[in-house]
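Scroll down for the structure; my scribbles are underneath it.
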Number of protein chains: 2
Amino acid sequence: MTSPVLPSQGRVRPLGLAQVSITGGFWGSRQAVNATATLAHCESWMERLGWLANFDRVAEGTTAPDRPGWSFSDSEVYKLLEALSWEWGRTGDPEAEAAIKRLTARVARAQDPDGYLNTCFGHGEQQPRYSDLEMGHELYNTGHLLQAAVARLRTYGEDELVRVARQAADHVCRTFGPDGVPGICGHPEIEVGLAELGRALGEERYVEQARLFLDRRGHGTLRDIPLGRAYFQDDIPIREADVWRGHAVRALYLTAAAVDVAVERGDDELLRAVERQWERSVARRTYITGGMGSRHQDEGFGEDWELPPDRAYCETCAGVASIMVSWRLHLATGDVRYTDLIERTLYNVIATSPSPDGRAFFYANPLHQRSPGRPADAAEVSPRAEAGVRAAWFDVSCCPTNVARTLAGLQGYLATADDDGLQIHQYAASTIRAELPDGRRAAVKVETDYPESGTVRVRILDDGLWTLALRVPAWAAGATLADEGRARAVEPGMATVRRDFRAGEVITLELPMEPRFTWPDPRIDAVRGCVAVERGPEVLCAESHDLPHPGGLDALAIDPLSGPRAEPGGARVRGRLAAPPDRPWAYSRAATAASAADVEWIDVPLRPYHSWAHRGPSSMRIWLPIDKE
Amino acid sequence: MTSPVLPSQGRVRPLGLAQVSITGGFWGSRQAVNATATLAHCESWMERLGWLANFDRVAEGTTAPDRPGWSFSDSEVYKLLEALSWEWGRTGDPEAEAAIKRLTARVARAQDPDGYLNTCFGHGEQQPRYSDLEMGHELYNTGHLLQAAVARLRTYGEDELVRVARQAADHVCRTFGPDGVPGICGHPEIEVGLAELGRALGEERYVEQARLFLDRRGHGTLRDIPLGRAYFQDDIPIREADVWRGHAVRALYLTAAAVDVAVERGDDELLRAVERQWERSVARRTYITGGMGSRHQDEGFGEDWELPPDRAYCETCAGVASIMVSWRLHLATGDVRYTDLIERTLYNVIATSPSPDGRAFFYANPLHQRSPGRPADAAEVSPRAEAGVRAAWFDVSCCPTNVARTLAGLQGYLATADDDGLQIHQYAASTIRAELPDGRRAAVKVETDYPESGTVRVRILDDGLWTLALRVPAWAAGATLADEGRARAVEPGMATVRRDFRAGEVITLELPMEPRFTWPDPRIDAVRGCVAVERGPEVLCAESHDLPHPGGLDALAIDPLSGPRAEPGGARVRGRLAAPPDRPWAYSRAATAASAADVEWIDVPLRPYHSWAHRGPSSMRIWLPIDKE
């Protein structure tokens, strides 16, 4: 099965790349850009910066104490290999296959005879192996190697990459096993790599090693650092924690592995711990975009309700990792809240990062940009995660390859099957074919231009008796389902049709796409007195491009009584531009108001947040202050 | 003259430690605690951590590549020497004198024959001198040595410390002079040290070297770093900048030096540039407390209007540095806006940092604490600037010694003189004696328990014709001035009385101390829909200690129609505790409201912000959401 995650048990089973294909539309065009531009873009940057040559130098014995790239640059090569593998599985593209062979050969030559594989440690005058577990990222890199091998194994089969990964995994088990070094990696990732490679190869040892790493964590196993042990989730054992904290990507990769281990071991205590953490973190530490991470300082979660829009970090990689977690939880439980969050994150984090040409990316995804960024130079490495514009590459460039691997395997997240039929979770123009355990075949073609419109037509491709279940998103109050002309209202959750289908029949889900106001919990201090506008799964935003004055976003207050009106692809709200007078001190006895003469009523166009700064650097805001007059 | 700053020209002249003494009250008790507890506390921590022994190791030639403390730990010894010097100047305390001699001897032994003095670079296997100008802090350390020598020179006279500083300054001028290394220090401070030592010793060369460092900066003189060159103000020349940006303490130390150079050189262009930066930064990048620094990531200023209360950094040292800048600008211009900001910063940043016993300190001073900190261990070094509780010492421990030197010399900021009389800026129980240029003597005794009450009685001590000017703070609308029983209304600014005074006469300033609501500019997104309460110069806050439920601060909304009522030392507002229901997602179609049954009206006591967490760890907020029902 060509799927990124294949649990041995669970409420529903994923459908892989062979069963689902995206044929066009919103995600189809993004997959195409990823295939034709992003994959080569990533390889060429890693060649240019010497991150690939790092492998050659290890192979040739020409390492030096210093080398290009951070200690985790190897992982970018592995994430690209994973992306290429899913891409080849999806399309059989010979260029992808050639790139896999090319990269694998260079990686393989750098592996030590005992399976250790790292270009930053352990050779020549480099620091010794595993001498900096807190920050050295050695096991983190290996985890990504294992994930790449899983993709290769499930799309192609055993090959050099899989052989290399197996040796690396064996080396890790020998070194860090029950009788080995009782350490863990400062950046979780090895756990999720080991668990899935264990599943893919039927190697119980790997899953057990992942469990061992999980349970070792949280006891002050790593040295303390100025940011504190919460930074790498070594403050509290995962079974005891109530909420995600510290570095968001670390927290989420760790949690994904915890679900894998819980499912493989039938460990309900662990699964419930993770669900509890998901619940509080999603309820109190997650942005309306699905973005996670409120602090730049440590790329981390804030406290409950600490969700500043301007300093939101919402790292693209945390979006990827959040989807990894929610997908695993959904497979385990079948709960629609997880696939709801995946949809939100896909449209408002994953789709936001890459530029339309697939050659520039957002790393941080703030919900409010005060000053437009500077136009980016496509030939320059951005030294910073924050910029206000998409950058071609970053000094820490985890996000481009993470977007690439997610988009290349995206169809793996669209649908699942159980013993009686299909569940469709994400709506894209696609075909979906599943064989049910008793030999029945459930096959459909999904025809939709969602999210442009809310009409999703599911055309039956084969005759048969089975259950079709369609996710009605939590936001979709008023949705209807029409089965051969008979429409009925359906509630958020799963809308099901069980009957003897005939090929050619069409079931139509109508999701209400009128733009809507969305109000924040009053405990989110940073957006008090503001409202957002959403349309379908998309969060909308106002951009300075669409306002008459350059500083307009600071002067805007919208009328909450006249609701948002639909516009093609977005919405329009009524607003009031009223710049308060400039004064020498920002705090005064009376609330500041603009004089009536300075007030200007305008219509403010709102566009999908994922498209912000497509028209050049802009200031932007999702949360719109409401006019109290 | 025993004053921290003695410009050769300016609109008014400072009065030093010999002319002003604080005799009790709010600041008198803090000076006493500083003298009896904090000074020894600082010395004992630096001994315990080996920061003092670093000097011995250089003297003995036993340095190692690594040593205890950060590269700037030498500066803490110098700031303590500065504090001890002001303390001795203030009281003649023999223990202070013994400590000065003890510390000076250890410092002096570590000086190289050519004047270089640093315990982290340049000896044995340490990195070479000036090999890391960006982050090495060598010149920064030297700058603090020079400031310590200024304090010693002005309170005692020439001695070993002054001799050491002079040699160090000469070394800097030789090394970095017009024909020397064209570098600057990543952390400004050498400039302000050189300028004042130049004034104190009459050494023009030192002032000129300060000017050279200032004008070299802002041209990309230092290497770029991930935080960007704005971090150390090397992005824009100081004459061209419009606003403060980057690391707040760096920006402010640099600006203090710029005022010194502008005044000594009669450089009005430079002075105007600094005033322009002060204006915009104070109007748009400063907290109601006077605190500066909106970001933890770089301890830096944010953009205009980026003033989150929960993640406010407001480093104590930035408060010290802000006072240094405003005091210099006031001496140059006589403008009361600068002494207004000094008062605000003294009561709400400087007074907030130390604990009542003078042995624990806040480093960051946020305006909103969501979760109470953990009780601090007085024997432990805090690894972090943020904690929610005062810590005995920090890994980066710049704040305790900065508070110590500021409190020890605080009377130097109370009053000034011009050719016709006295100006009193800060109200404390004190005596102030100035000799005017023509031999007239202006001497007063200030009797007040300000800010407990707003009554300030100024008793004339000598007969004479001169002008008494009293600062009426910007917040003090409705103030009155009574001269021998005849009261009149006085406007914010300077209220003056010019006449032939007789000893024993009393002029009484009455400042209105009723608590008042203060509203933020609507562009400060993070406090929209909130109001603060101030009383006199003090910002007040609500603390969880005073609320009936532990999580009460998250559920509080106050009634803006019933104004704050006076309470001894604080105020009381009417508020509504209404916890919104917990829901799985924080964003919804309708604004969330608590059900009527869950609403509880209470009286909320507010206390001075500077006293928060005195009763143990608490959650706290200055900005109070207003009830819209």
Rounded distance [0.5 Å steps], CZ in R528(A) versus CH2 in W623(B): 12.0 Å
Closest heavy-atom pair and its distance - R384(A), L227(B): NH1-C, 3.6 Å
Heavy-atom contact with chain B under 4.5 Å, split by part of I524(A): side chain
Heavy-atom closest pair, residues W305(A) and A586(B): CZ3-CB, 4.2 Å
Closest-packed option against chain B by number of heavy-atom pairs under 4.5 Å, given E279(A), E306(A), H296(A): E306(A)
Residue P581(A) versus chain B: region with a heavy atom under 4.5 Å: backbone
Atom group of E534(A) that falls short of 4.5 Å from chain B, counting heavy atoms: neither
Interface residue of largest heavy-atom contact number with chain B, from G529(A), P580(A), A532(A), under 4.5 Å: P580(A)
Region of A526(A) in contact with chain B, defined by heavy-atom distances below 4.5 Å: backbone
R223(A), CZ: over 12 other non-hydrogen atoms inside 6.0 angstrom: no
Over 12 non-hydrogen atoms of neighbours within 6.0 angstrom of CH2 in W519(A): yes
Heavy-atom contact with chain B under 4.5 Å, split by part of S382(A): neither
